[in-house]
Amino acid sequence: MRRSRFPECGSRPIFFRCLGEAVPGRTFLAEEETLGKDHEVILSYNLWTRRYDGNAQIVGRTIKIDGEDFTVVGVMPAEFQWQFWSGERQLWVR
């Protein structure tokens with residue numbers, strides 16, 4: 001199990017089809033559920049503005065999460081918030 005400094009959540013493509021679209025970028029694609037094509041990340045708006053200064057150029061770049069490379073595919077809008085008992089999620093990984 002990966003440990004992250006940011007609260008994260010593993011997600012399937014249908015999760016975002018039901019709950020929202022990423023702007024900028026996109027949400028997860030069905031083909032990214034294939035082993036080996038599953039190192040994508042979607043950032044929360046809060047994390048994007050705080051850590052990456054709201055720079056849209058982050059989409060398509062690789063960032064490290066717990067020592068592993070993940071490609072940023074999108075950023076969720078400010079009004080999208082998803083909480084678990086442990087708090088607000090800051091990123092979603094696939």
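Position 1 is the first residue of the sequence, and the numbers go up from there.
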Are side-chain N/O atoms of Ser44 and Gln90 paired as donor and acceptor at under 3.5 Å? yes
Could you state the interatomic distance from CD (Glu79) to OH (Tyr45), rounded to the nearest 0.5 Å? 9.0 Å
Would you say Asp53's side chain and Asn55's backbone share a donor-acceptor pair under 3.5 angstrom? no
For a side-chain contact (heavy atoms from CB on, under 4.5 Å) check, start with the C-alpha distance between Val41 and Thr71, then their side-chain angles and the critical distance, and finish with the verdict. CA-CA 6 Å; Val41 61; Thr71 302; over 6 Å; no
Note, Val73 side chain near Ile42 side chain (heavy atom, < 4.5 Å): yes
Roughly how far, to the nearest 0.5 Å, is CD1 of Ile63 from CZ of Phe70? 8.5 Å
Return yes if some donor-acceptor pair links the side-chain N/O of Trp92 with the main-chain N/O of Leu43 below 3.5 Å, else return no. no
CZ-CD1 distance between Arg51 and Ile58, expressed to the nearest 0.5 angstrom: 9.5 Å
If you define the side chain from C-beta out and look only at heavy atoms, does anything of Glu40 sit under 4.5 Å from Val93? no
Would you please test Arg61 and Val72 for side-chain contact (heavy atoms from CB on, under 4.5 Å) and show each step? CA-CA 6 Å; Arg61 290 191 181 165; Val72 177; 5.5 Å; no
